[in-house]
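Beneath this line is the structure, given in structure tokens, with notes to follow.
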Amino acid sequence: MAEECSLYKFNGVAHVAGSINKEDVAYQLGLPMDGLPVSGCLTDFEKLMEEGKPVWEWFQELFGELPPQNKVKQYIVHFTWFHERFRVLPDDATEDIVRIYARAYIMILFSTQLFGDKSENRVHIRWLLFVARLNDMGSSSWGSAALAWLYRCMCCVANRNVTNLTGPLQLLQSWIFWRFSSLKPWGFDAYSFPLASKWATYLPTSDRKEEKVIQCRLSFDRLGDRDIVWEPYTLLDVIAVVHPEILTEEHSQLWRACTCLIYFAVIEGHQVDRVLPQLGGIQHKPVLASNIDRLHAKDGRGGDR
């Protein structure tokens, strides 16, 4: 897997074996890892609408108005319309108006922070199915969906003709800082939850960019098993700030599950048996990874969806 990047040893030989997993998403982003899959049929999108209601009629009911035609392309709304229209909540907003703005904020959050693509300027209205019922949003496995999308994006960027990485990059960056102390920026000693919020004010400069890339590569080349923070979430400072629900046994059991992660047409394997040191276990020689090439080849585009 493209996301594997720490070490374990068999017969004295170092192997690559660490990866971002469900536990990391729960601690770093505070997203639920259990619940219903984030999925749905996009081929006949309008059939999913309540009582067969046309999709844009439903959109108008949920957001109070329709975007102008030059801001719409099939089932995609330009990001700028959401940002300009719902940027500031009115002081005299009623409860219904607050819910409209909450839906808009969540749509923006999904499209930019968790499930962003290379366009960086579009909001897909497939999220209508979820934001229509704000009280039920916690029943979906958003953490699993975000992790599936990150896996897929990292897999795609490994291709030689792909240069840009997209997806929930704040999760990837925070995971690196927590797991590899030599790469962590200085001056961020306070703990908060979700743990990724620790770096909220981190603004890297582009100065000496090429030199920094070379230094990071050298740091990775020199990594040993003692340079990796295998269990960063066992620190007392971390336990003191995380949501108590995350610490329950039912959630830790989910983190250890070898299963598939689902995000609409994206299906990715969660081969956590290869990163047992990250969960406090001793690494054994893992079995062969599950072969899901047929599912992995699907992306929701083309005739075979």
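Shown here are the side-chain hydrogen bond (donor to acceptor under 3.5 Å, both in side chains) partners of Lys118, two or more places apart in sequence or in another chain: there are none. Residues meeting the side-chain hydrogen bond (donor to acceptor under 3.5 Å, both in side chains) test with Thr248, sequence neighbours left out: His251. Every residue two or more places apart in sequence or in another chain that forms a salt bridge (charged side-chain N to carboxylate O under 4.0 Å, His left out) with Arg208 is listed here: Glu211. Residues that satisfy the salt bridge (charged side-chain N to carboxylate O under 4.0 Å, His left out) test with Asp117, not counting sequence neighbours, are Arg122. In this view, Trp149 and Tyr263 satisfy the ring-ring contact (aromatic ring centres under 6.0 Å, His included) rule, not counting sequence neighbours. Taking Phe110 as the reference, Phe115, Trp127, Trp142 meet the ring-ring contact (aromatic ring centres under 6.0 Å, His included) condition, with sequence neighbours excluded. His83 is linked by a ring-ring contact (aromatic ring centres under 6.0 Å, His included) to Phe79, counting only residues two or more places apart in sequence or in another chain.
Leu36 places none of its side-chain heavy atoms less than 4.5 Å from the side chain of Phe130.
Taking each heavy atom of Val88 and Tyr101 in turn, the nearest pair found is O-CE2, 3.3 Å. Ala104 and Phe63 get closest at one heavy-atom pair: N-CE2, 3.5 Å. Residue Tyr202 comes nearest to Pro185 through the heavy atom pair CE1-CB, 3.6 Å, listed as atom of the first residue, atom of the second, then distance. Shortest non-hydrogen contact noted between Pro194 and Gly30 is CB-N, 3.9 Å.
A centroid separation of less than 6.0 Å is found between the aromatic rings of Phe220 and Phe180.
Every pair tested for salt bridge (Lys or Arg N to Asp or Glu O under 4.0 Å) that includes a residue from residues 229-256 fails, sequence neighbours excluded, so the list is empty. Annotation: side-chain hydrogen bond (donor to acceptor under 3.5 Å, both in side chains) contacts involving residues 179-193, sequence neighbours excluded, comprise Asp24-Arg179, Ser192-Ser197. Residue pairs satisfying the salt bridge (Lys or Arg N to Asp or Glu O under 4.0 Å) criterion with at least one member in residues 64-83, sequence neighbours excluded, are listed as follows: Glu65-Arg85.
The side-chain contact (heavy atoms from CB on, under 4.5 Å) test with Leu171 singles out one residue from Val25, Leu31, Leu114, Ile176, and that residue is Val25.
Members clustered with Ile214: Leu218, by chain and number, using a 4.5 Å side-chain heavy-atom cutoff among hydrophobic residues.
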Please set out all donor-acceptor pairs under 3.5 angstrom arising from side-chain atoms of residues 92-100, sequence neighbours excluded.
from  : atom 1 : to    : atom 2 : distance (Å)
Thr94 : OG1    : Ile97 : N      : 3.3

